[in-house]
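Just so you know, ligand 1 is whichever comes first in the structure, and atom 1 is the first atom listed for that ligand. The figures here come from the full heavy-atom set of this structure, side chains too, leaving out hydrogens, waters and symmetry mates.
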Amino acid sequence: MNFRIIIVLIASVMLIYSCHSTVDFKDEIDLKVDNLLCQMTLEEKIGQMNQYNGFWDVTGPVPSEENAQTKYEHIKKGWVGSMLNVRGAIKVRKMQSLAVDSSRLGIPMIFGFDVIHGHKTMSPIPLAESASWDLQAIEKSARIAAIEASAEGLNWTFAPMVDISRDARWGRVMEGAGEDTYLAARIGVARINGFQGDDLNSPNTIAACAKHFAGYGFAEAGMDYNTVDVGTTTLHNVIFPPFKAAIDEAKVKTIMNSFNIINGVPATANKWLQRDILKNKWGFEGFVISDWSSGEEMIDHGYAKDLEHVAELSAIGGSDMDMESHAYIKCLAKLVKAGKVEESKVDDAVRRILKVKFELGLFEDPYKYCDESRETELIYHPKHMAAALDMAKKSIVLLKNENQLLPLKKNKSKVAVIGALANDKDSPLGNWRMAADDNTAVSVLEGLKSYGVNYKYAEGAKLITGETAFSAKIKVNTSDKSGFQQAITLAKKSDVVIMVLGEHALHSGEGRSRSRLGLPGVQQELLEAVYKVNQNIVLVLMNGRPLAITWADEHIPAILETWHLGTQTGHAIAEVLYGAYNPSGKLPMTFPRHVGQVPIYYNQYRTGRPGPKTEVFWPHYIDSSEKPLYPFGYGLSYTQFEYSDMSVKVVDNTKVEVKVSVLNSGSVFGEEVVQLYLHDKVASVVRPVKELKGFEKISLKPNQSKEVVFVLTNKELGFYDGAGHFLVEPGEFEVMVGTNSESGLKDNFILTGF
Ligand code: GLC
């Protein structure tokens with residue numbers, strides 16, 4: 001090594017220790033980060049904390065409007081650490097070169113995008129994937145999304161959403177893993193592992209982002225962006241664990257905060273949330289990005305006086321990067337110079353951001369994700385299509401199958417298909433499909449035709465009238481029944497009617513909450529009109545949330561929940577309808593009988609009046625059952641499973657072994673999600689009547705049985721008190737192992753004093 005390099009190295013080390021003698025360098029990247037940090041001006045540091053939306057087509061001229069010109073100039077100055085919504089190898093390369101070639105230090109930007117359920121090849125919406133309970137398939141789905149997104153120049157996704165929600169009115173339930181903490185944590189980890197892979201430096205892995213921290217899914221009245229007011233035992237036991245699992249088990253690189261308040265303080269400036277809990281108690285080493293303009297929205301919250309106050313509160317509150325509030329870039333330098341914000345807080349944020357960029361390999365090669373040949377080769381790859389079909393089939397839930405109407409026998413009867421959604425190639429892609437090409441889903445009609453099914457089709461009624469757009473209200477058809485008669489006539493002369501009804505893709509998603517949970521528009525009337533002339537109906541639901549389909553449950557013999565299944569929708573539904581695939585899905589969210597029951601969820605607290613001890617004075621409605629229509633974990637099969645030989649063994653106070661035998665007593669191959677629920681009967685904070693603490697998806701041939709073993713450790717036996725202390729207490733527990741949250745074999749065990 002020549003003399004010059006030695007001098008430079010010694011100088012670098014001396015320079016670093018002169019700037020930051022307090023930092024302990026965990027690894028080589030830390031050294032590089034601090035070496036770079038030492039060279040940065042305050043404005044350049046703050047630039048890393050600034051994320052802009054790239055709304056102009058970078059292959060064309062920059063729009064003349066001030067906003068775009070400002071962004072353009074800031075990128076060239078190195079004052080933009082990240083862009084979102086810029087994709088395409090060529091576009092990203094052009095945008096990246098603005099930062100790398102024009103700015104003083106040439107720090108590369110990180111490009112983020114909402115890769116929520118697939119990128120171009122769309123997989124089922126996350127709530128649908130969650131219904132598969134198949135962690136390997138879910139991880140593979142995220143892996144493929146990362147491969148396609150990275151082929152388009154992206155190195156960061158704003159996913160997975162790990163928000164728990166018990167309220168089907170909330171439009172974003174489609175984007176999460178439902179109501180249960182244990183299931184959502186396992187699924188969140190699987191998704192992050194899929195996105196980040198085992199080598200973040202690889203060009204086909206991308207940084208993940210667990211969001212929205214925290215409590216966003218508890219918006220009052222299920223209304224998006226509404227007030228959240230939850231207690232600390234709910235935060236620690238229900239809302240936080242999926243985020244903690246994302247950090248501890250999947251090493252998630254980024255966290256996105258939420259629009260809502262927690263204990264009266266907006267998450268974006270919530271020091272308790274983002275510093276005390278996330279960074280200090282949990283040791284999160286990645287960076288926190290605000291949600292879109294969630295910083296500036298603190299003015300509307302009535303928490304910040306103006307944009308400068310936003311910058312001060314957000315920086316002190318632990319938000320590392322500002323998405324589109326422009327608060328940091330406009331105001332933070334002045335605050336630091338005035339001593340209102342310590343520069344050490346800026347340094348901490350910038351270290352976190354630079355570390356992820358180093359780990360992604362962006363400094364080695366800022367253009368490593370900008371390979372057009374990968375784009376051409378990988379987007380819509382046949383292997384991705386095959387995986388999307390597999391994921392879609394596994395996401396379907398059989399809700400009802402009276403007299404074994406399903407599976408249908410191909411071309412043994414005259415089949416009518418009715419419903420606008422049967423012929424829809426766009427809605428099945430679901431919401432949050434930012435990069436998808438419109439109308440690229442295989443429709444139900446196309447799937448049936450490809451499967452060789454002879455059918456006749458009648459639309460019955462339009463679902464919506466007029467065009468739709470991601471950011472516009474949809475116009476639901478609430479009056480045009482002109483197609484009813486044609487549908488009725490067709491139904492009359494058919495042996496079986498497949499009715500495809502449900503929600504448009506834009507009936508759910510961000511900003512898409514509903515106050516009712518029935519079939520939108522005139523669909524219910526269409527269903528009842530067809531039922532009058534032909535009761536042999538298979539209802540195929542296509543929706544982004546649980547629906548209150550009580551009438552259908554009472555009248556329709558077969559019901560399939562198919563959600564929005566993505567690109568391979570039609571093929572998946574055809575295979576399940578005709579038995580090529582035996583449905584194995586289980587509901588990740590409770591289906592209510594009526595919207596008035598919401599929020600409704602299985603792991604309720606017992607209350608002081610758990611059951612009808614009197615006629616009137618107990619938790620119930622006088623005009624409806626208090627029971628759900630379909631419970632969490634529910635899903636039928638074309639075969640039957642029998643549970644037997646349950647045994648429970650307390651190995652010691654930190655380990656309990658539970659065994660059960662499951663038999664496929666039916667006549668066809670099937671998969672079963674064996675679920676374990678636990679109830680800590682008496683504890684220092686009340687515990688739910690049951691909580692999912694284990695599951696295993698097994699496959700069984702007819703007459704084959706398998707012993708399933710669960711091992712409960714402190715992790716499953718314990719809980720958090722309101723102060724966030726994790727406790728495992730002696731006492732009596734009830735354990736249930738079964739096919740859903742309402743039925744299974746039960747036993748008790750006692751943990752004695754520790
Ligand atoms: C949105 C969403 C967030 C998303 C972000 C960027 O408002 O709340 O989940 O990642 O903006 O599109």
Point to revise | Any side-chain heavy-atom pair of L313 and Y303 under 4.5 Å | key: yes
Practice item. Output the list of atoms in ligand 1 that are nearer than 4.0 Å to some heavy atom of W292, sorted by atom number. Key: 7 (O), 11 (O)
Study note, to complete from the structure: Near K211 (heavy-atom distance under 4.0 Å), the atoms of ligand 1 are 3 (C), 4 (C), 9 (O), 10 (O)
Revision key, fill the gap. M256 heavy atoms within 4.0 Å reach ligand 1 at atoms 3 (C), 10 (O)
Review point. Can you check whether K77 reaches S103 side chain to side chain, under 4.5 Å on heavy atoms?
Key: no
Review point. Is the shortest heavy-atom distance from the side chain of H326 to the side chain of C331 under 4.5 Å?
Key: no
Check your understanding: Any nitrogen or oxygen of R172, main chain or side chain, under 3.5 Å from a nitrogen or oxygen of ligand 1?
Key -> yes
Review point. Less than 3.5 Å between some nitrogen or oxygen of H212 and one of ligand 1, yes or no?
Key: yes
Exercise for review: Find all atoms of ligand 1 within a distance of less than 4.0 Å from any non-hydrogen atom belonging to F158, and give their numbers and elements.
Suggested key: 10 (O)
**Study point:** Residue and atom name of the nearest protein heavy atom (relative to atom 2 (C) of ligand 1), distance in Å to one decimal
**Key:** E510 OE1, 3.2 Å
Check your understanding: Would you call E503-R545 a salt bridge at under 4.0 Å N-O?
Key -> yes
Review point. Taking atom NZ of K271 and atom OG of S314, what is their separation to the nearest 0.5 Å?
Key: 14.5 Å
**Study point:** Minimum side-chain heavy-atom gap I299-K305 below 4.5 Å
**Key:** no
**Study point:** Any side-chain heavy-atom pair of R172 and E510 under 4.5 Å
**Key:** yes
Practice item. Please say whether D114 places an N or O atom under 3.5 Å from an N or O atom belonging to ligand 1. Key: yes
Review point. Is any N or O atom of D291, backbone or side chain, closer than 3.5 Å to an N or O atom of ligand 1?
Key: yes
